[in-house]
Amino acid sequence: MVNLHHSWLAKLQPEFDAPYMGELKQFLQKERDGGKRIFPRASNWFHALDTTPLDKVRVVILGQDPYHGEGQAHGLCFSVQPGVPPPPSLVNIYKEMKSDLGVAPPRHGHLESWAKQGVLLLNSVLTVEAGRAASHQGKGWERFTDAVIREVNALPRPVVFILWGSYAQKKAAFVNSTRHLVLKSAHPSPLSAHNGFFGSKPFSKTNAFLTAHGEAPIDWALPDDNSNQMVSTAPA
């Protein structure tokens with residue numbers, strides 16, 4: 001179960017040794033033994049942490065659950081696998097990005113290039129049963145990802161936390177907003193985007209903060225070379 005970048009594993013080993021993580025592992029194994037399909041595939045459960053090592057984190061975007069549709073989730077919040085059309089929330093994220101930065105929306109929803117620049121795309125819950133939204137909430141992942149956020153919060157250098165919606169804002173309420181920049185707005189979901197997400201300018205605000213603290217800005221423009229790649233639909 002533990003296939004994790006060493007920078008994270010050094011800090012999070014106590015979480016893997018804790019009883020709750022053993023219980024979570026048993027739950028996931030029981031689900032799989034019962035023939036249930038789990039998204040994303042097991043090799044991508046910690047993909048956000050592997051792609052963005054702790055010492056490289058400059059921005060955190062906090063999601064809730066993985067996508068539960070076929071071929072979508074691959075371990076980065078709001079992101080889908082190459083070749084999969086962007087879901088509605090991501091379409092709205094692209095709309096705000098264009099309004100904020102003038103960046104044209106890409107044809108795909110694969111956000112890996114953000115993660116490789118230091119944007120930790122972290123879901124609160126790292127697995128879900130196929131076709132059943134929020135089915136793995138309350139099983140232990142929330143405690144684990146709380147520990148992840150605590151480690152980022154403890155970094156001596158400032159980080160940007162982008163918290164879309166009340167769930168993310170409540171989960172990261174303990175983040176030190178004196179040292180870090182905490183950007184809050186409505187969720188980009190079509191149900192709430194017009195209630196404060198549109199016009200919130202998270203991308204330009206993030207880059208202004210990073211630049212002011214001697215960091216390179218994030219290149220939010222996504223390359224189009226992912227859009228025609230094959231989508232993996234192999235079972236987890």
Side-chain angles (χ1 to χ4, degrees), residues 1-5 7-9 11-54 57 60-84 86-90 109-112 114-115 119-152 163-165 167-168 170-172 187-189 231-236:
M1 187 172 180
V2 183
N3 179 18
L4 194 59
H5 191 275
S7 67
W8 288 108
L9 192 57
K11 296 291 187 179
L12 297 174
Q13 188 62 57
E15 302 302 316
F16 288 103
D17 295 337
Y20 84 88
M21 188 59 79
E23 294 169 4
L24 172 59
K25 183 178 180 179
Q26 290 176 3
F27 163 76
L28 293 168
Q29 189 61 55
K30 184 178 180 180
E31 294 288 285
R32 297 179 74 177
D33 290 347
K36 295 181 179 178
R37 299 181 63 209
I38 297 174
F39 293 151
R41 59 187 301 133
S43 60
N44 281 336
W45 290 353
F46 302 108
H47 187 46
L49 303 182
D50 282 328
T51 310
T52 313
L54 178 58
V57 175
V60 177
I61 297 179
L62 191 58
Q64 190 165 347
D65 295 278
Y67 296 119
H68 57 87
E70 186 71 46
Q72 291 182 304
H74 66 114
L76 305 181
C77 75
F78 294 104
S79 180
V80 290
Q81 295 193 61
V84 177
S89 290
L90 185 52
H110 193 232
L111 306 181
E112 191 108 4
W114 292 0
V119 181
L120 179 62
L121 296 168
L122 181 69
N123 274 317
S124 175
V125 177
L126 301 188
T127 58
V128 69
E129 182 184 341
R132 292 189 61 218
S135 51
H136 289 184
Q137 288 187 7
K139 303 299 183 182
W141 281 127
E142 293 93 339
R143 181 171 170 181
F144 176 78
T145 52
D146 281 350
V148 171
I149 296 170
R150 284 198 301 272
E151 292 300 332
V152 178
L163 308 178
W164 291 326
Y167 182 93
K170 181 178 180 181
K171 183 173 179 67
H187 194 275
S189 162
V231 179
S232 171
T233 56

Side chains of H187 and Y167 in contact at under 4.5 Å (non-hydrogen atoms): no

Nearest heavy-atom neighbours spanning V128 and A134: CG2-N, 3.9 Å

V60 and L163, any side-chain heavy atoms less than 4.5 Å apart: no

Criterion side-chain contact (heavy atoms from CB on, under 4.5 Å) on R37 and E70, from CA distance to verdict: CA-CA 10 Å; R37 299 181 63 209; E70 186 71 46; 2.9 Å; yes

Side chain W45, main chain G75, donor-acceptor under 3.5 Å: no

Between K171 and T145, a side-chain donor and acceptor under 3.5 Å: yes

Mutual orientation of the aromatic rings belonging to F27 and H136 [parallel < 30°, tilted 30-60°, perpendicular > 60°]: perpendicular

Side chains of I61 and W164 in contact at under 4.5 Å (non-hydrogen atoms): yes

Side chain S135, main chain E129, donor-acceptor under 3.5 Å: yes

CA sep, side-chain torsions, deciding dist, call: V148, L12, side-chain contact (heavy atoms from CB on, under 4.5 Å): CA-CA 8 Å; V148 171; L12 297 174; 3.9 Å; yes

Heavy-atom pair of closest approach, residues F46 and L4: CB-CD1, 3.6 Å

Nearest non-hydrogen partners of S79 and Y67, listed with the distance: O-CE1, 3.3 Å

Which atom of P86 lies closest to which atom of G109, heavy atoms considered: CG-N, 3.9 Å

Point-to-point distance, once rounded to the nearest 0.5 Å, from CZ of R41 to NE2 of H74: 13.0 Å

CE-CD distance between M21 and Q13, expressed to the nearest 0.5 angstrom: 10.0 Å

side-chain contact (heavy atoms from CB on, under 4.5 Å) between E142 and Q137, worked out: CA-CA 8 Å; E142 293 93 339; Q137 288 187 7; 3.7 Å; yes

L62 versus C77, closest heavy-atom pair with distance: C-SG, 4.4 Å

Rounded distance [0.5 Å steps], CG in N44 versus CG in L76: 8.0 Å

D65 vs N123, side-chain contact (heavy atoms from CB on, under 4.5 Å): CA-CA, chis, key distance, verdict: CA-CA 6 Å; D65 295 278; N123 274 317; 5.6 Å; no

Atom pair CD/CZ of E15 and R150 - distance to nearest 0.5 Å: 6.0 Å

Short side-chain to backbone donor-acceptor contact, Q81 and G71, under 3.5 Å: yes

Aromatic centroids of F39 and H47 separated by under 6.0 Å: no

